Peer 1: 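Once you've had a glance at the structure underneath, I'll fire off some questions.
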Amino acid sequence: EAIKWLSKASENNDSFSMSILGEMYIMGDGVKKDYSSAYKLLIKAAEHGESRANSALGVMFYSRYGVDKDCNKAISYLEKTDTLFDFSSQALLSNLYIDYENCKRFDIIKSIIALNHSYAVPDFFKKGKGDINQKMEKNYDNIVIFLRGGDKTAENLCAIGLIYIEGPSKYRNYIDAFKFFQESAKLENPEALYRLGWMYYTGNGAPEDKKVAFEYLERAANLEHPLAAYRLGIFYYEDNKNILFKWIMKAALNGNPNAQEKLWVMYYKGEGTEKNYEEALKWFSESVKNGNSLAKKSLDQLKNTGKLE
C-alpha cells in the first residue's frame, strides 16, 4: 500500500515521495532492487532541491549503485544536502574532500567545515546510529595531529582555527581560534578573512567592531568567498540596492544558494537592476537546485498573493 501511495505521489511530482521511493529501489525495501528506476526518480527530485535525493545520489556515485564510481559527482550532490540535519552526508563529504586517491583533491578546510556540520547535528537525529560523536571526535584527533605536524600554510592554520571555533568542546577556544585565523589571514586565506570578519561583526571571540568586520568581509569577498560577499551585501548595503546587487551577484556566481534566492527576487522586483523575468527564473532555478527552501516559499507566496514582500 505504501509503494502504491508513493508511486502515485511521485507521478504528481512530489519530490519527497520520489526521494523515498528512490531510496527503496536502491535498498530493495518492499520492492525489487532497481538502480535505474532509483536514479530516474532521484534525479527528478534533486532538480526540485530535495536534500534527501541529493544525499542518495551522492551515495550512488560513491558506492557504485548502478552508476560508475565518481567521487566528484558524489561531492557535487552531497554539497546540496541539508547541512543542519543530514549528518551522515556531511560526514561522508568530509572524508571525500581529503580523499586524494579517489577524488584527486585535498581540501582540508572544506573537510573540517563539513565535519563540523556533521558533529553539530543534535544527538536526537543520531539515535540508532551508534556512538557517532565519539567516532567523529577520533576523526578530529587524527586531523589535529596531522595539522600540528604539518607545514604552517594558510590552509592548515585556518583549519586549526575552524576546529577551535566549531569542533568538539575539548577543542573549543575562541582565543586560539582568533590567533590562528589571524595568522592565516596574513597569508590572504579567504576563509580565515571571512571568519575574522564574522567574529568582529558578532563580538564572538573578538571585540564587536562593525568597521573592522567590514574590512575583513570585503577582503574575503574580493577573494571570491561566497558567504562573505552575501553577508557583506546584506549587512552593509541593504539600503543601497545597486551596491547590494553587486555583492549578491558575486556571491550567487560563486554558488551561494541564499544569494541566488535573493538575486531572483531582485531581478523580479527590479531592485538594484532592471526587471528581468528571464534572469529571475534562471536564478530561482539555481537556488532551488542548490537546496534553498526560501526560494520555494517565495514562489508559493507569489502564486498565492500575486506579489512578493
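As the structure is a prediction and not an experimental result, all values here were calculated from the model.
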Peer 1: Compare every heavy atom of Ala213 with every heavy atom of Tyr236, then report the nearest pair and how far apart it is.
Peer 2: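 What the structure gives for the nearest pair is OH-CB, 3.5 Å.
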Peer 1: Is it possible for you to say whether Phe106 and Leu92 belong to one hydrophobic cluster, with membership spreading through side-chain heavy-atom contacts below 4.5 Å?
Peer 2: no
Peer 1: Working note: Glu101 + Lys104, criterion salt bridge (charged side-chain N to carboxylate O under 4.0 Å, His left out); need CA distance, chi angles, decisive distance, verdict.
Peer 2: CA-CA 6 Å; Glu101 182 179 353; Lys104 297 298 183 285; over 6 Å; no
Peer 1: Of the non-hydrogen atoms in Asn222 and Lys250, which two are nearest, and what is the gap between them?
Peer 2: CA-CE, 4.1 Å
Peer 1: Distance check, rounded to the nearest 0.5 Å: Gln182 atom CD versus Leu193 atom CG?
Peer 2: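 Result: 11.0 Å between the selected atoms.
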Peer 1: Heavy-atom distance under 4.5 Å between the side chains of Tyr25 and Lys33, does that happen here?
Peer 2: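 Side-chain contact under 4.5 Å: no.
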Peer 1: What's the verdict on side-chain contact (heavy atoms from CB on, under 4.5 Å) for Glu79 and Leu93, showing C-alpha distance, side-chain angles and the deciding distance?
Peer 2: CA-CA 7 Å; Glu79 284 179 332; Leu93 191 56; 4.1 Å; yes
Peer 1: Report yes if the side chains of Asn12 and Asp14 come closer than 4.5 Å at any heavy-atom pair, otherwise no.
Peer 2: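 A side-chain contact is absent here, since even the closest heavy-atom pair is not under 4.5 Å.
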Peer 1: Can you confirm if the NZ or CZ of Lys69 lies within 45° of the ring axis of Tyr62 and under 6.0 Å from the centre of its six-membered ring?
Peer 2: yes
Peer 1: Under a 3.5 Å cutoff, is there a donor and acceptor pairing between the side chains of Glu261 and Ser287?
Peer 2: no
Peer 1: Do Asn256 and Asn258 come close enough that some side-chain heavy atom pair is under 4.5 Å?
Peer 2: yes
Peer 1: Which class fits the ring pair Phe178 and Tyr200: parallel under 30°, tilted 30 to 60°, perpendicular over 60°?
Peer 2: perpendicular
Peer 1: Test side-chain contact (heavy atoms from CB on, under 4.5 Å) on Trp264 and Leu281 and set out the steps.
Peer 2: CA-CA 7 Å; Trp264 94 265; Leu281 180 59; over 6 Å; no
Peer 1: Between Ile98 and Asp107, is any pair of side-chain heavy atoms under 4.5 Å apart?
Peer 2: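 Ile98 does not reach Asp107 side chain to side chain.
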Peer 1: Hey, could you give me the CD1/CG distance between Ile20 and Leu41, rounded to the nearest 0.5 Å?
Peer 2: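 Here the rounded value is 11.5 Å.
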Peer 1: Relative to each other, are the rings of Tyr267 and Phe245 parallel, tilted or perpendicular (30° and 60° limits)?
Peer 2: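 Plane angle over 60°, so perpendicular.
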Peer 1: Can you tell me if Asn290 uses its side chain to pair, donor with acceptor, with the backbone of Glu286 under 3.5 Å?
Peer 2: yes
Peer 1: Checking Gln90 against Thr81 for the side-chain contact (heavy atoms from CB on, under 4.5 Å) test, could you report, in this order, the C-alpha distance in whole Å, the side-chain angles of both residues, the deciding distance, and whether it holds?
Peer 2: CA-CA 8 Å; Gln90 293 300 308; Thr81 58; 3.3 Å; yes
Peer 1: Search all heavy atoms of Tyr171 against all heavy atoms of Tyr164 and return the closest pair with its distance.
Peer 2: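 That closest heavy-atom pairing would be O-CD2, 2.8 Å.
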Peer 1: Please determine whether a side-chain nitrogen of the Lys or Arg among Lys170 and Asp141 lies less than 4.0 Å from a carboxylate oxygen of the Asp or Glu.
Peer 2: yes
Peer 1: Please give me the minimum heavy-atom distance between Ile26 and Tyr35, naming the atom from each residue.
Peer 2: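 Shortest heavy-atom separation between Ile26 and Tyr35 comes out as O-CE2, 3.6 Å.
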Peer 1: Can you list the steps and then say if Glu166 with Arg172 is a salt bridge (charged side-chain N to carboxylate O under 4.0 Å, His left out)?
Peer 2: CA-CA 7 Å; Glu166 291 180 348; Arg172 294 279 176 96; over 6 Å; no
Peer 1: Give a yes or no on whether the backbone of Lys73 and the side-chain of Ser76 come within a donor-acceptor separation of less than 3.5 Å.
Peer 2: yes
Peer 1: Can you tell me how far CG of Leu263 sits from CE of Met249, rounded to the nearest 0.5 angstrom?
Peer 2: 4.5 Å
Peer 1: Side-chain heavy atoms under 4.5 angstrom apart, residues restricted to Ile, Leu, Val, Met, Phe, Trp, Tyr: same cluster for Leu157 and Ile163?
Peer 2: yes
Peer 1: Treating Ile, Leu, Val, Met, Phe, Trp and Tyr as nodes and any side-chain heavy-atom pair under 4.5 angstrom as an edge, say whether Leu78 and Ile112 lie in one connected cluster.
Peer 2: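 Different clusters.
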Peer 1: Tell me, with the steps shown, if Ile175 and Asn173 meet side-chain contact (heavy atoms from CB on, under 4.5 Å).
Peer 2: CA-CA 6 Å; Ile175 294 175; Asn173 187 321; 3.4 Å; yes
Peer 1: Decide yes or no for Glu191 and Lys110: does some side-chain heavy atom of the first lie under 4.5 Å from some side-chain heavy atom of the second?
Peer 2: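 They are not in contact (no side-chain heavy atoms under 4.5 Å apart), so the answer is no.
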Peer 1: Tell me the closest heavy-atom pair linking Pro190 and His225, and the distance in Å.
Peer 2: O-CD2, 3.6 Å
Peer 1: Out of the candidates Ile109, Leu187, Ile108, Thr153, only one should pair with Cys158 under the side-chain contact (heavy atoms from CB on, under 4.5 Å) rule; please name it.
Peer 2: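 One option only clears the test, and that one is Ile109.
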Peer 1: For the residue pair Phe61 and Tyr77, does the interplanar ring angle fall in the parallel (under 30°), tilted (30 to 60°) or perpendicular (over 60°) class?
Peer 2: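 Ring orientation, 0 to 90° scale: parallel.
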Peer 1: Does a sphere of radius 6.0 Å around CG in Asn242 hold more than 12 heavy atoms from other residues, nucleotides or ligands, not counting ones at 6.0 Å or beyond?
Peer 2: yes
Peer 1: Can you tell me how far apart CG (Asn156) and CG (Asn189) are? Round to the nearest 0.5 Å.
Peer 2: 10.0 Å
Peer 1: Taking the side chain as everything from C-beta on, heavy atoms only, tell me whether Lys275 gets closer than 4.5 Å to Lys269.
Peer 2: no
Peer 1: So for atom CG, which belongs to Asp151, do other residues, nucleotides or ligands contribute more than 12 heavy atoms lying within a distance under 6.0 Å?
Peer 2: no
Peer 1: Ignoring hydrogens and angles, tell me if any N or O in the side chain of Ser19 forms a donor-acceptor pair with the backbone of Ser15 under 3.5 Å.
Peer 2: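 Indeed, once roles are kept as given, a pair shorter than 3.5 Å links the two residues.
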Peer 1: On a heavy-atom basis, which atom in Ala38 and which in Gly22 lie closest, and how many Å separate them?
Peer 2: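 Shortest heavy-atom separation between Ala38 and Gly22 comes out as CB-O, 3.3 Å.
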Peer 1: Side chains of Val265 and Lys262, heavy atoms from C-beta outward: is any pair under 4.5 Å?
Peer 2: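 Heavy-atom side-chain distance check fails, nothing below 4.5 Å.
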Peer 1: So among Tyr268, Trp283, Phe284, which one has a ring pair (Phe, Tyr, Trp, His ring centres under 6.0 Å) with Tyr277?
Peer 2: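 Going through Tyr268, Trp283, Phe284 one by one, the ring pair (Phe, Tyr, Trp, His ring centres under 6.0 Å) with Tyr277 is satisfied by Tyr268 alone.
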Peer 1: For the atom pair CG (Leu42) and OH (Tyr65), what is the distance rounded to the nearest 0.5 Å?
Peer 2: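 Interatomic distance, Leu42 CG to Tyr65 OH, rounded to 0.5 Å: 13.0 Å.
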Peer 1: So if you build clusters from Ile, Leu, Val, Met, Phe, Trp, Tyr with side-chain heavy-atom gaps below 4.5 Å, do Tyr39 and Met18 land together?
Peer 2: no
Peer 1: Does atom NZ of Lys152 have more than 12 heavy-atom neighbours, drawn from other residues, nucleotides or ligands, at distances under 6.0 Å?
Peer 2: no
Peer 1: Would a single hydrophobic cluster contain both Val31 and Val59, if residues Ile, Leu, Val, Met, Phe, Trp and Tyr are joined by side-chain heavy-atom contacts under 4.5 Å?
Peer 2: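 No, no single cluster joins them.
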Peer 1: Evaluate the ring-ring contact (aromatic ring centres under 6.0 Å, His included) criterion for residues Phe235 and Tyr201: first the C-alpha distance (whole Å), next the side-chain angles of each, then the deciding distance (0.1 Å), finally the verdict.
Peer 2: CA-CA 9 Å; Phe235 292 159; Tyr201 190 88; 4.3 Å; yes
Peer 1: Go through the steps to decide whether Tyr216 and Tyr194 satisfy the test ring-ring contact (aromatic ring centres under 6.0 Å, His included), and finish with yes or no.
Peer 2: CA-CA 6 Å; Tyr216 278 114; Tyr194 163 70; over 10 Å; no
Peer 1: So for atom CD, which belongs to Glu238, do other residues, nucleotides or ligands contribute more than 12 heavy atoms lying within a distance under 6.0 Å?
Peer 2: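 More than 12 within 6.0 Å, yes.
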Peer 1: Going through the checks in order, is the salt bridge (charged side-chain N to carboxylate O under 4.0 Å, His left out) test met by Glu183 and Lys179?
Peer 2: CA-CA 6 Å; Glu183 290 299 309; Lys179 290 177 181 177; over 6 Å; no
Peer 1: Could you grab the distance from atom OG of Ser17 to atom CZ of Arg52, nearest 0.5 Å is fine?
Peer 2: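 Here the rounded value is 10.5 Å.
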Peer 1: Compare all side-chain heavy atoms of Asn54 with those of Asp82 and state whether any distance is below 4.5 angstrom.
Peer 2: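 No, too far: nothing below the 4.5 Å cut-off.
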Peer 1: Could you go step by step and tell me if Asn116 and Tyr140 meet the side chain to side chain donor-acceptor pair (under 3.5 Å) rule?
Peer 2: CA-CA 9 Å; Asn116 286 343; Tyr140 278 107; 2.5 Å; yes
